[in-house]
Amino acid sequence: MAANGQAAEGKGGVSRRAALTAMGGAGLGAVGAVAGGAALADGSQSRTAAPVAEVSDGTAPACVLSPETTEGPYYLDYEMVRRDVTEDRPGVPMILRVAVVDTGAGCRPVKRAAVDIWHCDAGGVYSGYEGNTLPGGPPPSGTPTAPPTGTPTGPPPGGGGGHAEPDNDLTFLRGVQLTNGHGTAELRTIYPGWYQGRALHIHVKVHVGGRVDAEKKTYTGGHVSHTGQFFFAEDLAEKVAALEPYRSNTVTRVKLEEDGIYRQAGSGLLTVRPVHRGRIERGLLATITVGVNPSATPAPA
């Protein structure tokens with residue numbers, strides 16, 4: 001698989017530093033708060049990454065916008081409305097439960113927001129991209145024997161922060177679900193794998209004001225109120241990496257604290273627990289709350 005480093009997902013940085021901070025270990029409704037820990041197979045709570053911002057007096061949570069991050073090169077606007085996005089991808093089953101709240105209205109749940117996710121499979125491959133080779137081709141291999149000559153004729157390997165054109169019509173691990181009356185959307189997927197230069201993550205966009213085309217089963221219209229990424233605590237990532245098919249991924253895994261996009265966002269850590277206590281391979285539940293301004297159309301970082 002070709003390199004797909006942090007440069008491929010933009011220069012990092014976020015347009016808004018604020019994040020929806022942890023709410024005392026319990027999320028809005030039944031959903032875990034942003035930047036909480038990840039529950040491990042033994043039932044303990046992971047604290048690899050702490051909440052990005054605590055309230056100054058330590059007694060109450062803040063209700064602020066989640067940070068915008070780069071959408072990366074692999075976003076495709078298929079916007080297929082479906083709950084199960086797994087298709088044929090092997091991996092640890094995972095339910096992703098996302099609550100969307102309006103930070104301008106006291107974190108009131110946002111109903112019928114479209115939660116649009118995409119992520120790579122256990123081997124680090126995104127649907128639509130054979131081996132995730134970006135414009136400019138794969139990185140050079142072997143040992144250089146002489147300095148480069150001539151004038152560059154195209155973008156550097158890795159593709160910069162631009163969009164990569166798909167080279168196949170596969171659609172696994174992409175999909176949209178609308179939030180319910182409690183502002184919550186739920187999708188069935190797998191725990192993601194990794195590729196060169198990035199820690200484990202899931203991309204997300206929150207669309208507001210559109211509608212579902214019942215015939216095509218796609219989401220259409222409206223506008224994007226948030227573009228972000230969700231992340232996984234390092235201790236859980238290590239446990240999953242020891243399972244098949246993840247352990248067959250030979251790419252060196254970037255740890256959470258080494259990921260520039262996570263460090264600059266400072267938020268987006270999923271709360272994860274096993275569905276069956278002590279058996280992470282049988283399934284996980286990942287929850288997070290995303291704070292948005294439904295009327296805004298922020299540009300991705």
So, does Gln229 use its side chain to make a donor-acceptor pair with the main chain of Tyr262 at under 3.5 Å?
no
Sidechain-backbone polar pair: Ser66 side chain, Gly291 backbone, donor-acceptor under 3.5 Å:
yes
Shortest non-hydrogen separation from [X] to [Y] and the atoms involved:
X	Y	value
Val272	Ala286	CG2-CB, 3.9 Å
Pro192	Leu200	O-CD2, 3.4 Å
Glu130	Asp167	N-OD1, 2.9 Å
Val290	Val206	CG1-CG2, 4.5 Å

Could you list the donor-acceptor pairs under 3.5 angstrom formed between side-chain atoms of residues 174-181 and any protein atom two or more places apart in sequence or on another chain?
unit_1: Arg174; atom_1: NE; unit_2: Ser127; atom_2: O; d: 3.4
unit_1: Arg174; atom_1: NE; unit_2: Ser127; atom_2: OG; d: 2.8
unit_1: Arg174; atom_1: NH1; unit_2: Tyr74; atom_2: O; d: 2.9
unit_1: Arg174; atom_1: NH2; unit_2: Tyr74; atom_2: O; d: 2.9
unit_1: Arg174; atom_1: NH2; unit_2: Ser127; atom_2: O; d: 2.8
unit_1: Thr179; atom_1: OG1; unit_2: Val110; atom_2: O; d: 2.7
unit_1: Thr179; atom_1: OG1; unit_2: Arg112; atom_2: N; d: 2.9
unit_1: Thr179; atom_1: OG1; unit_2: Ala113; atom_2: N; d: 2.9
unit_1: Asn180; atom_1: OD1; unit_2: His182; atom_2: N; d: 2.8
unit_1: Asn180; atom_1: OD1; unit_2: Gly183; atom_2: N; d: 3.2
unit_1: Asn180; atom_1: OD1; unit_2: Thr184; atom_2: N; d: 3.0

Ion pair Glu234/Arg253, N-O distance below 4.0 Å
yes
Could you tell me the separation between the [atom1] atom of [X] and the [atom2] atom of [Y], rounded to the nearest 0.5 Å?
X	Y	atom1	atom2	answer
Ile190	Cys120	CD1	SG	8.0 Å
Met94	Ile202	CE	CD1	3.5 Å
Asp102	Ser225	CG	OG	9.0 Å
Arg198	Leu256	CZ	CG	10.0 Å
Asp116	Met80	CG	CE	8.5 Å
Leu187	Ile95	CG	CD1	10.5 Å

Output all residues satisfying ring-ring contact (aromatic ring centres under 6.0 Å, His included) with Phe230, sequence neighbours left out; order by chain, then residue number.
none
Could you tell me if the side chain of [Y] sits less than 4.5 Å from the side chain of [X], heavy atoms only?
X	Y	answer
His226	Glu68	yes
Pro274	Leu284	yes
Val115	Leu96	no
Asp259	Phe231	yes
Tyr195	Asn249	no
Val224	Glu71	no

Pairs flagged by salt bridge (Lys or Arg N to Asp or Glu O under 4.0 Å) wherever residues 78-94 is involved - sequence neighbours left out:
Arg82-Glu87, Arg83-Glu186, Arg89-Asp121
Enumerate the residue pairs fulfilling salt bridge (Lys or Arg N to Asp or Glu O under 4.0 Å) with a member in residues 213-223, sequence neighbours excluded, ordered by first and then second residue.
none
Test salt bridge (Lys or Arg N to Asp or Glu O under 4.0 Å) applied to [X] - qualifying residues, sequence neighbours left out:
X	answer
Arg211	none
Glu238	none
Arg247	Glu244
Arg188	none

Mind checking what makes side-chain contact (heavy atoms from CB on, under 4.5 Å) contact with Ala122, not counting sequence neighbours?
Pro245, Tyr246
With sequence neighbours excluded, residues passing side-chain contact (heavy atoms from CB on, under 4.5 Å) with Glu281:
Leu243, Arg279
Do [X] and [Y] sit in one hydrophobic cluster, given that two such residues count as connected whenever their side-chain heavy atoms are within less than 4.5 Å of each other, even indirectly?
X	Y	result
Tyr126	Leu76	yes
Val251	Leu173	yes
Val208	Tyr219	no
Leu236	Ile288	yes
Val92	Trp194	yes

Applied to residues 90-121, the ring-ring contact (aromatic ring centres under 6.0 Å, His included) test, sequence neighbours excluded, yields Tyr75-Trp118, Trp118-His203
